[in-house]
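Here's the structure, in structure tokens; my notes come after.
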Number of protein chains: 2
Amino acid sequence: MEQQAEEPAAGARVLVVDDDPTVAEVVAGYLDRAGYVVDRAEDGPAALARATAHWPDLVVLDLMLPGMDGLEVCRRMRGRAPVPVIMLTARGDEDDRILGLEVGADDYVTKPFSPRELVLRVESVLRRTRPRSDTGQLAAAGLSVDPAARRALKNGYELALTIREFDLLAFFLRHPGRVFSRQDLMKEVWGWDFGDLSTVTVHVRRLRGKVEDDPARPRLIQTVWGVGYRFEAVAGEERP
Amino acid sequence: MEQQAEEPAAGARVLVVDDDPTVAEVVAGYLDRAGYVVDRAEDGPAALARATAHWPDLVVLDLMLPGMDGLEVCRRMRGRAPVPVIMLTARGDEDDRILGLEVGADDYVTKPFSPRELVLRVESVLRRTRPRSDTGQLAAAGLSVDPAARRALKNGYELALTIREFDLLAFFLRHPGRVFSRQDLMKEVWGWDFGDLSTVTVHVRRLRGKVEDDPARPRLIQTVWGVGYRFEAVAGEERP
DNA sequence: GTGAGTCCTTACGAAACGCGGACGCCCGCG
DNA sequence: CGCGGGCGTCCGCGTTTCGTAAGGACTCAC
């Protein structure tokens, strides 16, 4: 589950959620040909799972889904991190449209719709929502960090990091697999040439508390005894 | 891919309001092929809702609608912000024409009409009401800003912004999702290389007061502690 | 096993920061 | 000339964050 950055400008990631295979197929096909990386899900839970694996840049969401309905999916995604949503609604279903807007869908399209129109709306929403061009996106091991937005996501959930924590994590992500002494980190992240090195220790601990699944047994930020810390890009295994 | 910038220049946004699916279909088809981005609504409330989601550049409005009639729709839209309207009226219904023009329709077409003629009129009205064709219209999260007209709409309602507030908002809309320090903003919006940064703070606060639903807990203009501010283009949810 | 070195954890005071309110200045307008 | 709106500045308060200290836990070498 180690993704890489395959979003060089052109291909944003779009998650298409629809229980009708035909619709999903057509939509996905058009979006794919338009240069997007397309994920698909057939219902709410699947959509949320997909989002955990790969947080999308935009969601095309059928309002009518088996089990969890589209509004709920939208709410839950938004509860994790802000993401643009385009709703698919049945024609003339006024209440649905209003609901969609209340939840904060960025646009909606009524069925039946022209795929071409949908692609246009996707492009429109993305354009006004993500001018992400050259932002050096960082990603590894279920983590992704956007330096320009100063946002960090873990499995599709936004992390509330402080400045130091964010800078520290960003630095680690920029140099995966390498060991850094506390002094190195103090110099690189803090910009200090001297100072109490326990400061680094404490901040690493705080970062672990937010980033690690089990902070007591860290996997991402490992301690190299007598040397310093190393960020492990590939989710390593346990030492017995 | 073949299409270019949708909102500027080429494709203006036209809202077609008609309860007759056949008429709406035909009209929408022609306008679509003419390069416009077409929204559709079947009655008054739907039209107003659609306009809230995406403020149109022009409205094609059937005078005879179930429930709220066309004149009322026109009045309400105009009450929110000036927008060009083309009325569809039954043939020879002189009173209606008069009424339509009184409310301030920019043009009217009598049924039955040739779709080609309607497209021509749309183009004509747009030409004379939108002299500048390529002003970078900005929009996100229920907000839209017209730099040329120096007008800002929130959910279709006009905002009374001061110069600084407008410039600040416009800048944010031009760079959604990115963090800017107070210094950046002071440089970009004020054009100053130095100065009291609290000036920025205060103006952000004033802008929030007009733009945010709950200025105490801002959603659009977020504070990034110790760094600056970030405009969130996606209408986010509450996260308690 | 034992000790010294190293790391983890917690706690706490201080500093930094953002926010709201208020003030005075300037300018256009009546 | 008085008035009001827009603007920039300043101050006090509550909150967040930071750096450091100190005790306990762990690791490695002998």
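Fair warning: this is a prediction, and the values are worked out from it, not measured in the lab. Letters A, B, ... are given to chains in the order of the sequence lines, protein chains preceding strands, and every chain is numbered from 1.
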Check every atom of D/dT9, C/dC8, D/dC18 against the side chain of A/Thr223 and return the nucleotide holding the closest atom.
C/dC8
Check every atom of C/dC19, D/dC18, D/dC7 against the side chain of A/Arg164 and return the nucleotide holding the closest atom.
D/dC18
Is atom CD of B/Gln183 surrounded by more than 12 heavy atoms (other residues, nucleotides or ligands) closer than 6.0 Å?
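Counting neighbours around CD of B/Gln183, 12 or fewer heavy atoms of other residues, nucleotides or ligands fall under 6.0 Å, so no.
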So, is [X] near the phosphate of [N], with a side-chain N or O under 4.0 Å from OP1 or OP2?
X        : N      : value
B/Trp190 : D/dG8  : yes
A/Tyr229 : C/dT6  : no
B/Arg182 : C/dG18 : yes
B/Thr162 : D/dC7  : yes
B/Thr199 : D/dT9  : yes

Below 3.5 Å, does any donor atom in the side chain of B/Arg206 face an acceptor in the base of C/dG20, or the other way round?
no
Classify the side chain of B/Arg205 and the base of C/dG21 as holding, or not holding, a donor-acceptor pair under 3.5 Å.
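Between C/dG21 and B/Arg205, which were checked side chain against base, a qualifying N/O pair under 3.5 Å is present.
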Assert: residue with more 5' nearest nucleotide on DNA chain D, out of B/Trp225 and B/His203, is B/His203
Closest-nucleotide mapping onto DNA chain D: is B/Trp192 or A/Gly195 further toward the 5' terminus? I mean the 5' end.
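The residue mapped nearer the 5' terminus is B/Trp192.
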Send over the distance from [X] [atom1] to [N] [atom2], rounded to a whole Å.
X        : N      : atom1 : atom2 : answer
A/Asp196 : C/dC8  : CG    : C1'   : 14 Å
B/Glu212 : C/dG20 : CD    : C1'   : 16 Å
A/Ile163 : D/dG19 : CD1   : C1'   : 14 Å
A/Arg217 : D/dC26 : CZ    : P     : 13 Å
A/Met186 : D/dC18 : CE    : C1'   : 11 Å
B/Gln222 : D/dT16 : CD    : P     : 16 Å
B/Asp167 : D/dG6  : CG    : P     : 14 Å
B/Leu197 : D/dC7  : CG    : P     : 18 Å

Whether [Y] and [X] form a salt bridge (side-chain N of Lys/Arg under 4.0 Å from carboxylate O of Asp/Glu) is what I want to check.
X        : Y        : answer
B/Lys210 : B/Glu165 : yes
B/Asp213 : B/Lys154 : yes
A/Asp167 : A/Arg174 : no

Along DNA chain C (nearest heavy atom to each residue), the more 5'-positioned of B/Gly226 and B/Val202
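Nearer the 5' end of the strand: B/Gly226.
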Which residue, B/Arg205, B/Arg230, B/Glu212, forms the side chain to side chain contact (heavy atoms under 4.5 Å, CB included) with B/Ile221?
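With B/Ile221 as partner, B/Arg205, B/Arg230, B/Glu212 yield a single side chain to side chain contact (heavy atoms under 4.5 Å, CB included), made by B/Glu212.
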